Amino acid sequence: MELFEIWALPRVAVFAVAVAAVVFALRTERPTAGQIAWYVAFLSWGATLCMGGGGEGTAAAVVGFAVMALPAVALVLASWLLPRGRSDTVTAETGLLVCIAASMWAAGFSYSYDNSGETAPVELLVWFLFLAAAFVAAAIPLPSRRIAYGAAALTCVVLGVFREWLLWSETGQHPDIPFNDDYLVAAVYVGIPLIGVALQLLWWARRRRRG
């Protein structure tokens, strides 16, 4: 296993702060302390993402995946461990969904506009399937989120399975698609989750009328 470049050590340190903040936020029973910890986690994770890679080799790849995966893992844990309706729970869910959306964009952007002439890498498929599994796991204890999280999981599956057409081209215009890929990506990346949210709101409204 290759060692990190020395300049990558600050990134690892900031990521460690993000992990520690998530662990504290999941364990504390004080909502105010939990909210502060989540804000620290979001800022630390965002800073880690913006700091770029950590060199080359297996170790750097593992850390890079851990950074990208932290929000999804934290969302699953928050869904299972945090009490619903508490202020820090709302902060956690909102912030983690934003972070997951950012990680999806970062992964897609990093693999887009390729001119290698090769097929889209399987790593991108694995990444989006991992996110889909995380959304499913987070939805299991939360009936009030299952439609919305299910739509998010479907988005990840579509992006992963059809990555060759959506995320892997030199110019943003795949030869097999008669219009700009950006519109199709936007329809998948934004449209499917929005439909899920709308259906979830209808589910809530219907349940409230019955209640």
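This one's a predicted model, so the numbers in the text were calculated from it and none came from an experiment. Reckoned from all heavy atoms, side chains included, excluding hydrogens, waters and symmetry mates.
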Checklist line | Distance in Å, L75 CG paired with Y149 OH, rounded so as to fall on 0.5 Å steps | finding: 4.5 Å
Check: Between the side chain of Q35 and the main-chain N/O of D88, is any donor-acceptor distance below 3.5 Å?
Finding: no
Next item on the list: With rounding to the nearest 0.5 Å, note down the distance linking CD1 in I147 to CD1 in I195.
Entry: 12.5 Å
Item checked: R27: partners by side-chain contact (heavy atoms from CB on, under 4.5 Å), with sequence neighbours left out -> V23
Margin query: Please find the pair of heavy atoms, one from W38 and one from V22, that lie closest to each other, and give the distance.
Written below: CZ3-CG2, 4.0 Å
Notebook entry, point to check: Same cluster for V90 and L43 if Ile/Leu/Val/Met/Phe/Trp/Tyr side chains link at under 4.5 Å?
Noted result: no
Note to self: Assess whether a salt bridge exists between R84 and E93, defined as any Lys/Arg side-chain N lying under 4.0 Å from an Asp/Glu carboxylate O.
What the structure shows: yes
Margin query: Looking at every heavy atom in both I100 and P71, which two are closest together, and how far apart are they?
Written below: CG1-CB, 3.7 Å
Item checked: Within one Ile-Leu-Val-Met-Phe-Trp-Tyr cluster: L124 and F130, side-chain cutoff 4.5 Å -> yes
Next item on the list: On the 0 to 90° scale, with breaks at 30° and 60°, tag the Y39-F42 ring pair as parallel, tilted or perpendicular.
Entry: perpendicular
Check: Is the shortest heavy-atom distance from the side chain of T155 to the side chain of M104 under 4.5 Å?
Finding: yes
Notebook entry, point to check: Between CG of L70 and CH2 of W45, what distance do you get to the nearest 0.5 Å?
Noted result: 8.0 Å
Checklist line | Heavy-atom closest contact (P143 atom, W203 atom, distance) | finding: O-CH2, 3.9 Å
Notebook entry, point to check: According to a 4.5 Å side-chain heavy-atom criterion applied to Ile, Leu, Val, Met, Phe, Trp and Tyr, with indirect links allowed, do L81 and F135 form part of one hydrophobic cluster?
Noted result: yes
Check: Atom CZ in R86, atom OG1 in T32: separation rounded to 0.5 Å?
Finding: 10.0 Å
Next item on the list: First locate atom OG of S44, then atom CG of L49, and finally report the distance between them rounded to the nearest 0.5 Å.
Entry: 12.5 Å
Checklist line | Closest contact, heavy atoms only, V67 versus R11 | finding: CG1-NH2, 4.0 Å
Next item on the list: Check whether any side-chain heavy atom of R145 lies under 4.5 Å from a side-chain heavy atom of S79, and answer yes or no.
Entry: no
Next item on the list: Find out if a path of hydrophobic residues (ILVMFWY) with successive side-chain heavy-atom gaps under 4.5 Å connects L131 to V98.
Entry: no
Next item on the list: Say whether F162 and W105 are linked into one hydrophobic cluster, either directly or through other cluster members, by side-chain heavy-atom distances under 4.5 angstrom.
Entry: yes
Checklist line | Minimum heavy-atom distance T28-A25, with the two atoms named | finding: CG2-O, 3.6 Å
Margin query: Within the structure provided, determine whether C156 and L129 are in side-chain contact (heavy-atom separation under 4.5 Å).
Written below: no
Margin query: Within the structure provided, determine whether Y189 and L159 are in side-chain contact (heavy-atom separation under 4.5 Å).
Written below: yes
Next item on the list: Please name the pair of heavy atoms, one in I140 and one in W80, separated by the smallest distance, quoted to 0.1 Å.
Entry: CG2-CZ2, 3.7 Å
Margin query: With rounding to the nearest 0.5 angstrom, report the CH2 to CE distance, W127 to M68.
Written below: 4.5 Å
